[in-house]
2 protein chains.
Amino acid sequence: MPRRTDTRDRTLRTAAELFRTHGYHGTGLNQVVAEGGLPKGSLYFHFPGGKEQLAAEAVGLAGAEVCAWVDRAFTETPDAVGALAAITGFLADELAASGFRRGCPIGTLAQDAGDAEPVRAACAEAFRAWHGVVRGHLARHGLPDPDALATTFLAAVEGAQLLSRNQRDTAPLRAVATALAPLLRKDS
Amino acid sequence: MPRRTDTRDRTLRTAAELFRTHGYHGTGLNQVVAEGGLPKGSLYFHFPGGKEQLAAEAVGLAGAEVCAWVDRAFTETPDAVGALAAITGFLADELAASGFRRGCPIGTLAQDAGDAEPVRAACAEAFRAWHGVVRGHLARHGLPDPDALATTFLAAVEGAQLLSRNQRDTAPLRAVATALAPLLRKDS
DNA sequence: CTCTTACTAGACCGGTCTGTATAATAACCG
DNA sequence: CGGTTATTATACAGACCGGTCTAGTAAGAG
């Protein structure tokens with residue numbers, strides 16, 4: 001039986017947008033419905049698991065998009081330093097454009113939806129996939145200990161987003177891009 | 001007029017503990033009162049600014065403690081590499097001991113209390129102070145570009161806490177300690 | 001003892017939260 | 001046409017939210 005409306009998808013995207021801005025507990029389902037002009041009656045039809053399922057699926061969606069986008073950043077630049085610069089640069093632009101309101105769709109939920117196990121698991125899975133992509137590219141460039149390096153890459157980018165958003169200043173993202181560069185050169 | 005009870009201080013500590021565990025919106029004031037065995041009637045006597053003031057002051061308190069502790073880590077170790085290892089090691093132990101429940105008292109609130117301006121400002125101030133301490137020590141060790149390096153230090157530690165907590169594994173904190181070390185040696 | 005001030009008890013407000021009813025509508029299938 | 005399934009409308013339950021209010025207790029000052 002094929003789906004006949006796009007309500008489910010629109011719900012997911014509206015929710016993802018609100019979650020990354022206001023966090024898990026800071027976002028109400030009524031808010032999601034209102035913001036997206038969505039039919040309230042169908043919320044628990046499409047997501048019988050309630051808010052937790054909604055958030056978990058939103059994280060899954062965002063995670064896949066981030067992975068694809070990071071992968072593209074690495075393939076479209078000659079080396080890892082360029083990829084890092086592209087990634088932090090894009091994040092900085094996006095952050096500033098939103099008035100420093102929208103955070104990372106995964107990191108934000110990872111912080112305050114830790115008690116909702118399905119959401120936590122979805123975030124962990126997204127981070128794992130993201131880490132795998134970065135590690136693969138670092139290894140391809142012949143960098144030493146790509147596993148720990150990829151983890152540090154992720155942590156620094158995630159932390160820099162946090163700092164930049166909180167301080168309403170893209171400086172942390174830019175600082176990470178420059179300070180981390182030496183680790184991403186072959187001769188380090 | 002001197003204070004006659006320690007209620008205010010106990011409220012602050014209970015709130016800080018709950019906030020770093022469940023986040024800003026995930027923590028209710030009734031919960032704070034119940035958890036700490038605190039007099040509900042006096043909540044708005046001590047904190048007329050309500051939840052926002054409570055959270056902002058809790059962040060201030062935690063921020064000062066973190067600063068002092070980081071400063072000690074740097075003075076008690078011969079070089080920056082040792083300090084980073086001590087810091088991440090302690091954080092990993094503390095995190096694991098709490099069953100991966102308690103996050104950074106500043107970072108957690110910075111994520112999901114961004115709309116509560118006083119709380120956001122308190123977090124920004126705490127990060128600023130923390131950054132100042134680290135930058136000072138890195139400069140003292142003669143490291144180049146201590147400002148950006150300190151920012152990266154902070155971002156990586158904060159991000160690693162996020163990852164470790166979410167994945168219920170101290171590996172990210174340990175990975176950051178090893179991968180970031182080359183940047184903290186004089187001959188880098 | 002009296003008075004002032006610091007503090008607490010605990011009920012209560014309107015509002016919002018997630019989640020659940022029941023029933024209506026709308027499309028496809030035979 | 002009838003029947004099945006997909007989807008939505010709407011009202012509401014029950015709990016909890018942050019915050020306010022009034023009344024009162026108790027400790028120090030004079």
Side-chain angles (χ1 to χ4, degrees), chain A residues 1-19 21-59 108-109 112-120 122, chain B residues 1-19 21-59 108-109 112-120 122:
Chain A
M1 306 288 156
R3 195 144 272 133
R4 293 201 306 244
T5 71
D6 62 343
T7 299
R8 192 189 144 91
D9 198 58
R10 279 168 47 229
T11 304
L12 223 42
R13 301 201 170 271
T14 306
E17 178 66 23
L18 287 174
F19 279 141
T21 306
H22 304 291
Y24 182 72
H25 292 105
T27 303
L29 295 183
N30 296 330
Q31 198 181 351
V32 174
V33 166
E35 182 91 1
L38 300 162
K40 161 119 192 205
S42 62
L43 221 172
Y44 283 85
F45 170 77
H46 293 295
F47 304 94
K51 193 181 189 181
E52 291 192 354
Q53 182 187 353
L54 181 59
E57 289 202 27
V59 167
T108 302
L109 288 207
D112 79 332
D115 40 358
E117 175 55 24
V119 186
R120 199 221 101 239
Chain B
M1 308 288 156
R3 195 143 270 136
R4 292 201 308 242
T5 70
D6 62 343
T7 299
R8 192 188 145 92
D9 198 59
R10 279 168 47 228
T11 305
L12 224 43
R13 300 200 171 272
T14 305
E17 178 66 24
L18 286 174
F19 279 141
T21 306
H22 304 291
Y24 182 73
H25 293 105
T27 303
L29 295 184
N30 296 328
Q31 198 180 351
V32 175
V33 166
E35 182 92 1
L38 299 162
K40 161 114 190 208
S42 61
L43 223 172
Y44 284 84
F45 170 77
H46 293 296
F47 304 94
K51 192 181 191 182
E52 292 193 353
Q53 182 188 352
L54 181 59
E57 288 201 29
V59 166
T108 302
L109 289 208
D112 79 333
D115 40 358
E117 175 54 25
V119 186
R120 199 221 101 240

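When reading the values below, keep in mind they use all heavy atoms of this one structure, side chains included, and skip hydrogens, waters and symmetry mates. Below, chain A is the first sequence line, B the second, and so on; all start at residue 1.
- A:K51 places its NZ atom 8 Å from the C1' atom of C:dC17, with the value rounded to the nearest Å.
- Across the protein-nucleic acid pair, A:L43 atom CG and C:dA21 atom P stand 16 Å apart, rounded to whole Å.
- Minimum interatomic distance between A:G23 and A:T108 (heavy atoms only, all atoms of both residues): CA-CG2, 3.9 Å.
- Nearest to the side chain of A:N30, among C:dT8, D:dG19, C:dT18, sits C:dT18.
- Among the nucleotides C:dC7, C:dG19, D:dG19, the one closest to the side chain of B:F45 is C:dC7.
- Judged by atom type and distance alone, B:K40 reaches the base of D:dG19 through a side-chain donor-acceptor pair under 3.5 Å.
- Distances were taken from every side-chain heavy atom of A:Y44 (C-beta onward) to each of D:dG18, C:dC7, C:dT20; the shortest belongs to C:dT20.
- Between A:F47 atom CZ and C:dT18 atom C1' the separation is 15 Å, expressed in whole Å.
- In this entry the distance linking CD of B:Q53 with P of D:dG19 reads 11 Å, nearest Å.
- We find that A:R8 and A:E57 are joined by a salt bridge, their nearest charged nitrogen and carboxylate oxygen being less than 4.0 Å apart.
- Considering only heavy atoms from C-beta on, B:T21 stays 4.5 Å or farther from A:D115 through its side chain.
- Nucleotide D:dA6 holds its P atom 17 Å from the CG atom of A:D6, rounded to whole Å.
- Between B:L18 and B:Q31, some side-chain heavy-atom pair lies under the 4.5 Å cut-off.
- Side-chain contact between B:Y44 and B:Q53 is absent, with no heavy-atom pair separated by less than 4.5 Å.
- Side chain of A:T7, nearest nucleotide from C:dT18, D:dT7, C:dC7: D:dT7.
- The separation between B:H25 atom NE2 and D:dC16 atom P is 19 Å, rounded to whole Å.
- Nearest to the side-chain atoms of A:T5 among the listed nucleotides D:dT8, C:dA11, C:dT8 stands D:dT8.
- For the pair B:H46 NE2 and D:dG19 C1', the interatomic distance rounds to 16 Å; values are reported in whole Å.
- Between A:H22 atom NE2 and C:dT16 atom C1' there is a gap of 15 Å when expressed in whole angstrom units.
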